[in-house]
Amino acid sequence: MSSELGLAEAHDTSIEERYQPAQVLAGKVIVISGIGPGLGLSLAVEAAKMGADLVIASRTESRLDEVGAIIEGLGRKVVKVVTDVTDEDSRVNLRDKALEAFGRVDCVINNAFAIPPMEPITQIKPSALAKVNETNVFAPLRLSALFADALAESKGSIIMLNSCVSFSSQPEYAGYKLSKGALEHLASSLATELGPRGIRVNSVAPSYIYEDVNRGYFDYIAAVENKTHEQVYADKAAPTDLKRLASSEEVARATLFLASDLASAVTGQMLTVDCGEFHD
């Protein structure tokens, strides 16, 4: 293992050792789409540690069962709803199940996403771009609209999981950048439209999150470029001020700050969580 990676992992360990969850989400109900093995899992678990009850949504029932068991083990209530966020009936069912179970919703976190082909944008079929935008843009729009009345009642918030890909110009990221750029503008427009109803709308943009999916991606890059995993990590961490990559737990905690009353006057913003990779 390289010294770069060793130092990063040691720093991550020290962060986890000193971190103590505060009950800043006690009494709140949070809906999270896109529950998976990475950030979706961390969002749900960290929210439960902060005192929230959860409504978790995914297309995969077994995934919901696994995450639900963890949340219940933390002493929080959880409702699991198998959901295809690209289907309107499924989205309506998610809203109805959430309100039926808890009678309120305080935050909707739009975490579900899809990645288009990693090719120059002129080489991607329009149908492929449109399919990705059904998940990355139109699903967050419709879920935000469906939950708006409940969020107005609770003076709640909406959070869009965006990406620092918005600041990148590599041709292979262009299709993803297109959808995430649209999502950023959607969040800004929703903040203006829903603000008079007391609803805050914000975005969170991580760069590379060091979790299982990107670990596998780094292994792929290492094989293609004849490098070690540790060298790839060091390459990705080099542009950051902290010289490391954020964990999924760190991204989740920054996201959940925006769901809390600590951020009661914050709306229309995109918070980058990237260890200082992109800033003025």
Side-chain angles (χ1 to χ4, degrees), residues 16 21 25 28-102 105-117 128 131-140 142-144 146-147 158-161 163 176 179 204 206 208-220 246-253 255-256 259:
E16 293 307 310
L25 299 179
K28 294 189 182 296
V29 175
I30 297 182
V31 178
I32 306 174
S33 71
I35 295 295
L39 183 56
L41 168 63
S42 293
L43 285 166
V45 171
E46 295 300 322
K49 289 180 179 178
M50 294 179 187
D53 292 323
L54 280 300
V55 180
I56 55 175
S58 170
R59 290 178 299 179
T60 308
E61 187 171 13
S62 60
R63 179 72 61 192
L64 293 177
D65 289 340
E66 292 171 7
V67 177
I70 296 171
I71 295 169
E72 289 173 342
L74 292 168
R76 305 314 310 169
K77 297 177 182 177
V78 60
V79 172
K80 302 167 291 184
V81 187
V82 175
T83 306
D84 177 357
V85 296
T86 66
D87 178 79
E88 182 70 0
D89 289 341
S90 191
R91 292 186 292 247
V92 170
N93 180 62
L94 175 62
R95 179 204 56 191
D96 291 349
K97 289 290 177 59
L99 293 175
E100 180 182 303
F102 294 109
V105 170
D106 296 276
C107 181
V108 174
I109 301 178
N110 288 293
N111 178 61
F113 71 98
I115 298 178
K131 184 176 181 180
V132 166
N133 283 341
E134 286 292 334
T135 300
N136 292 0
V137 181
F138 296 115
R142 289 301 305 144
L143 284 171
S144 299
L146 286 167
F147 279 98
I158 297 165
I159 303 173
M160 308 295 192
L161 263 297
S163 170
Y176 194 44
S179 67
V204 173
Y208 286 105
I209 305 173
Y210 196 56
E211 41 75 52
D212 288 347
V213 173
N214 275 327
R215 285 188 176 94
Y217 180 50
F218 290 1
D219 285 339
Y220 166 78
S247 68
S248 59
E249 291 83 4
E250 289 177 298
V251 176
R253 291 165 194 159
T255 302
L256 294 167

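This chain uses plain numbering: 1 for the first residue, then up along the sequence.
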* **Residues, nucleotides or ligands: over 12 heavy atoms within 6.0 Å of F102 CZ** => yes
* Would you check if the side chain of R91 reaches a backbone N or O of V85 as a donor-acceptor pair within less than 3.5 Å? => yes
* To do: Going by the side-chain contact (heavy atoms from CB on, under 4.5 Å) test, name the single residue among I158, I159, T135 that passes it with N110.
  => I158
* Asked: How long is the gap from CZ on R215 to CD1 on I209, to the nearest 0.5 Å?
  -> 11.5 Å
* Structure fact -> Between the CZ atom in F147 and the CG atom in D106, the distance rounded to the nearest 0.5 Å is 11.5 Å
* Backbone of L161 reached by a side-chain donor or acceptor of N111 within 3.5 Å -> no
* Could you pull out the closest heavy-atom pair between E16 and S247, with the gap in Å? => OE2-OG, 4.4 Å
* Asked: Between E66 and R63, is there a salt bridge with N-O shorter than 4.0 Å?
  -> yes
* Atom of V31, atom of A98 and distance for their closest heavy-atom approach -> CG2-CB, 4.3 Å
* Structure fact -> Residues passing the salt bridge (Lys or Arg N to Asp or Glu O under 4.0 Å) test with D89, sequence neighbours excluded, are none
* Mark yes or no for whether S33, through its side chain, and A112, through its backbone, hold a donor-acceptor pair below 3.5 Å. => yes
* Structure fact -> Scanning both residues in full, the closest heavy-atom pair of A252 with L39 reads N-CD1, 3.9 Å
* Candidate pair M160 and S144, rule side chain to side chain contact (heavy atoms under 4.5 Å, CB included), full reasoning -> CA-CA 10 Å; M160 308 295 192; S144 299; 3.7 Å; yes
* Under the side-chain contact (heavy atoms from CB on, under 4.5 Å) test, residues paired with V82 that sit two or more places apart -> E61, L64
* Asked: Rounded to the nearest 0.5 Å, how far does CG of L74 lie from CE of M50?
  -> 12.0 Å
* Asked: Say you draw a straight line from CG of L94 to CZ of R142; how long is it, rounded to the nearest 0.5 Å?
  -> 12.5 Å
* Under-4.0 Å salt bridge between E88 and R95 -> no
* To do: Check the surroundings of atom OH in Y217: do more than 12 heavy atoms from other residues, nucleotides or ligands lie under 6.0 Å from it?
  => yes
* To do: Output the distance between atom CD1 (I70) and atom NZ (K49), rounded to the nearest 0.5 Å.
  => 9.5 Å
* Structure fact -> Residue set satisfying side-chain contact (heavy atoms from CB on, under 4.5 Å) with S179, at least two apart, ordered chain then number -> V132, N133, N136, V137, Y176
* Quick one: list whatever passes side-chain contact (heavy atoms from CB on, under 4.5 Å) with A44, sequence neighbours left out. => I32, I35, I56, V67, I71
* Dump the intermediate steps for side chain to side chain contact (heavy atoms under 4.5 Å, CB included) on T83 and N93, then the final yes or no. => CA-CA 8 Å; T83 306; N93 180 62; 5.6 Å; no
* Those residues that, when tested against D219, pass side chain to side chain donor-acceptor pair (under 3.5 Å) (two or more places apart) -> H229
* Asked: If you look only at pairs with a residue in residues 67-76, which of them pass as a salt bridge (charged side-chain N to carboxylate O under 4.0 Å, His left out), with sequence neighbours excluded?
  -> D53-R76
* To do: For the pair L256 and I30, evaluate side chain to side chain contact (heavy atoms under 4.5 Å, CB included) and give the outcome as yes or no after the intermediate values.
  => CA-CA 10 Å; L256 294 167; I30 297 182; 4.2 Å; yes
* How long is the span from the NZ atom in K80 to the OG atom in S58, to the nearest 0.5 Å? -> 12.0 Å
* Search all heavy atoms of S42 against all heavy atoms of S248 and return the closest pair with its distance. => OG-OG, 2.7 Å
